[in-house]
Every structure is written in structure tokens, then in C-alpha cells.
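A note on names: the letters A, B, ... follow the listed sequences, proteins ahead of strands, and every chain is numbered from 1. Atoms considered below: every heavy atom in the structure, side chains included; atoms not considered: hydrogens, waters and symmetry mates.
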Protein chains: 2
Amino acid sequence: MNTLPKPPLLMVDVVLMALVDGALHVGLARRANPDEPFFGAWALPGGFVRPQDDQSAEDTARRVLRDKAGVASPYLEQLYTFAGATRDARGWSASIVYYALVPAHVAPPGSEAFRWEPVDTVRELPFDHGRILATALERVRSKTSYSALPLYLAPAEVTMSQLRTIYEQVLGGTLEPRGFERRMVEMDILEPTGRLQSAGGKPAKVYRQVSGRGSAQLGPSLLPR
Amino acid sequence: MNTLPKPPLLMVDVVLMALVDGALHVGLARRANPDEPFFGAWALPGGFVRPQDDQSAEDTARRVLRDKAGVASPYLEQLYTFAGATRDARGWSASIVYYALVPAHVAPPGSEAFRWEPVDTVRELPFDHGRILATALERVRSKTSYSALPLYLAPAEVTMSQLRTIYEQVLGGTLEPRGFERRMVEMDILEPTGRLQSAGGKPAKVYRQVSGRGSAQLGPSLLPR
DNA sequence: AAAATAGTGTCTTTCAGACAATATTTA
DNA sequence: TAAATATTGTCTGAAAGACACTATTTT
């Protein structure tokens, strides 16, 4: 008898990140299908591409986020595609992985099916999700070091020191207030609201995000300026 | 009657680049299968993942390069995955795209089935290969501006001005000899052979590539140094 | 007034760009 | 010797880092 060659599996997984209680967390979904591997375990939210429902892989990512995390319209960017014969016991598989950032006030609460875990103390994850998370962290930290990416983790209005704290949480270190302010101004991503906001000392200027500038960045360095 | 839902197609395409006659070229393969779209047209070399033959997507990329371009062991890096319902007339498809760099002396000659085309004057390509090529160029130029990536386009031994010319060809512009030399030294990717090599004027120092350092890079700029 | 927090001034060092000057070949 | 090519010296301005100082609030 002749076994039919199985086609490779095609899925999308999403590394969803937000600042919860001020620290960077990743969103995990409980695997809910008894017929699939790791039933009941906490894993990155993911799902198979549905050619009928999804026009693109990004559509799949948005559907997964909506269904498994209850998140509506996050910042979404393709990270990498993890593929091979051994990463999923069901056979050859490819997972197109996206990462997503949402501001704290939009982060959904935990539930039976969804929870937030601090990125630095996540326990063992199923499949190759540990490696995927590490890759996502690397990317987010790298982009944070030369762009305005962390704005997607921030509310629409922030003070300089709030934003600096967000950068520090993502990077894991402290930043010079003076230099930080200079670079933010240089990237042209914030405009003053004119209002002030106090947090127990001198009130801070409140800035509004200039819309859609979260990926503004500083120029590279080898090219002549 | 009930149409069976077709699974999505999974393929790998490769943007192969080399310096031919000193200018950056991309390798194109003639589409050889009469049963497939764009039969006879010149396109990026690609092929379906073969779960039986390939352990990983990178394996598929290497197989494609070997079979369609006759290239053995190039620098290979995943670029992006292009996926969606409309990019291939046969149905929902995902192409995991890699880009590859080879030094000029390893670049295979043209044939009935393979040819080199200058990256800036490539005619219309089938599928979304035009967009894929543009994305690859963007990535290579971006990495070139802060890393030693172009070493993979160079022979094992080079002079400073040869290497500078390579960078200039990739970036499309001229670079200051002084600053260029400083940055190369800083990246610690070359060691002197002690030999000299003349090209009609003062002989240049010949350097040897420090193995496996083609992706050495300068640090980012937002982080404290 | 003291503590807390925010924001600014500015000195110093480092780095990038520019380009002149020097060096060593071939024609 | 002139032309070609390579390499180095160094001046200048801009940017980054460090940090002290000023400002404005709450307690």
C-alpha cells in the first residue's frame, strides 16, 4: 500500500507584547484543541492559515489575535518564518511568525484561555516557541535601540519620563534623560499638547504621539550623511 | 458535489546576487515546467518544499540554488515570507524567500537555463518577484551600510580599494577612502597578509578575510556606549 | 523647608567628514 | 618626470555622554 505524501502544514504564530504593571510581558494562550499536541499547555497564540478566510498571512495573524487574545488592531510586523521537518510532531511545518505590540490600556485581561507572562521569566514553552520568543525579543530590543517602536506600547499621550521608562523596561537598563530627550525630539514623533501632568514633583509636559510614526528611526552610520 | 479545500502551496524562492563585471547582478532561472505558470519566462529561482528531501526551508533554498543555478555554498539568509491568496494563480501560496551572496569567481556562467541580470535594469518579473527583488535590494543595501555583509561578494583576499569599490557598487555612490578604512578596521574583519598588489600605481596592501565575519557590524546608536 | 520629579545648560570627548599631503608604483 | 593609485595626517564641526544646575510641584 502506498501512503499519500502529506503536504507541509502552514500556520501563523504571534508574539504579542505589552507592558503589564510596567514590565514587558508576552501574551500566552491555552491550547484548547484536544486533538492537537500540547493540549492544555500555555503557548504563543497561533493557528493554521485558512485559505477561505484569510487573504494574507497578516490576516491570519489578526484573526488569531482576535480569537485567542481578544486584541483588535495592534502594531503587527512579520518576524521570521520557522520551518522544518521536526518542529511539529504532526509533520513538516512552517510557521510564519508575527510580533505585535499593544499599549497597556488595550491589553486584554487574563482569563481561562489567555494570560500575560513577564518575558524574562517565561517557563518552558511547547514546540520551538521558546526560540521564537527569544528571536522576537531580540528584534524588539534591537529596533528599540534606534527607532520609535516602543511608542506602540505607550498610550496616545505621554510625558518624556514615562516614555523613557518604557524604553528602559524594553531594553533592560537606564538611559540618560538628556540624550534620550534629544533623540526623541530628533525623530520628530511627539508634539506638545500644552498641558502638564504631575507625578509628585515638578509637573511634566504632556506630549501627543504624531500618528503613525512609531517606526520612525535614526539614520544608519556607514553611509555619508 | 463538494470541492475539496486545497491546502496552501509552500515554496522557497531565492534572490541570488553577485558582482558580475563589477556591477551587482541578480541570478534568474528560466521556468522549465510546461505545466506551471510563466513557462519559459525568466524568474527568481524557486521550488516547492519537498518534505521528503528537505529537513528545513534553508535546505530547500540550497537545493534550489544547486539545481537551478549550479551554486554550491553561498551566504544564505532568510529575507521575508510573501504569502497570500492572489500572488500565484494556482491558489493560496506562501513563498519563504532567501537571499544569497556569492563572490564573483564562484558565480556560475549564463546558460539556456540561467542568466545574470543587472539589478537596476531587470525587466518585468513574473508573480510578485519584482517586489521580492526590491525588498532584497533594500535589505542588502541597508545591511551594507552598517555591516561587513559585502565581504560575501568579495574574494578571500582583497585590497582596501577593491573592497571599497564593492561597497560603492552595492550602495550606488562613492565613499570616503579615509572613513571607509577606519570603519573596516573597527569591525575587525580583515587581517594583513603582508603582501602587496599593484594596479598601476602605488601597490596596495592585500588583506585576508577573517573567516566567518561577513556579518560583523557596528553598534547601534540609541543605547549608551 | 525638604523631597521628589522634570527640564535645561554646558563642558568634554568622541567620531565623522573633508581633504590635503605623502608614498610608491608604472608609463 | 608625469600620471596613477594607495595610504596617512589632521583640521573642523557635529553629536554623544556626563553631569551639574535650575525649576516647580507635593508633603
Rounded off to whole Å, could you give me the [atom1]-to-[atom2] distance for the [X] and [N] pair?
X: A/K205; N: C/dG7; atom1: NZ; atom2: P; answer: 6 Å
X: A/M187; N: D/dA15; atom1: CE; atom2: C1'; answer: 15 Å
X: A/E186; N: D/dG17; atom1: CD; atom2: P; answer: 11 Å
X: A/R183; N: D/dA15; atom1: CZ; atom2: C1'; answer: 10 Å
X: A/Q162; N: C/dT5; atom1: CD; atom2: C1'; answer: 12 Å
X: B/Q197; N: D/dT5; atom1: CD; atom2: C1'; answer: 12 Å
X: B/M184; N: C/dA16; atom1: CE; atom2: P; answer: 12 Å

A/E58/A/R62 ion pair, N-O < 4.0 Å:
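The answer is yes: the pair qualifies as a salt bridge.
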Please check if any side-chain donor atom of A/Y99 sits under 3.5 Å from a side-chain acceptor atom of A/E77, or the reverse.
yes
Establish, with yes or no, whether the OP1 or OP2 oxygen of C/dG7 is under 4.0 angstrom from a side-chain nitrogen or oxygen of A/R164.
no
Would you indicate, yes or no, if D/dA6 has its OP1 or OP2 atom less than 4.0 angstrom from a side-chain nitrogen or oxygen of B/S161?
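Yes.
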Excluding sequence neighbours, so at least two apart, what forms side chain to side chain contact (heavy atoms under 4.5 Å, CB included) with B/A204?
B/T159
Please enumerate all residues that pass side chain to side chain contact (heavy atoms under 4.5 Å, CB included) together with A/T86, with sequence neighbours excluded.
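Here the qualifying residues are B/Q55.
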List the protein contact pattern of nucleotides 19-27 of chain C with one symbol per nucleotide (5' to 3'): B for base contact, S for sugar-phosphate-only contact, - for none; contact means a heavy-atom distance under 4.0 Å.
B---BBB--
Taking the nucleotide of DNA chain D with the closest heavy atom to each, which residue, A/R182 or B/M160, is nearer the 5' end?
B/M160
Test salt bridge (charged side-chain N to carboxylate O under 4.0 Å, His left out) applied to A/E138 and A/R141, step by step
CA-CA 5 Å; A/E138 201 180 334; A/R141 287 181 174 142; over 6 Å; no
Please give me the minimum heavy-atom distance between B/V12 and B/A57, naming the atom from each residue.
CG2-O, 4.0 Å
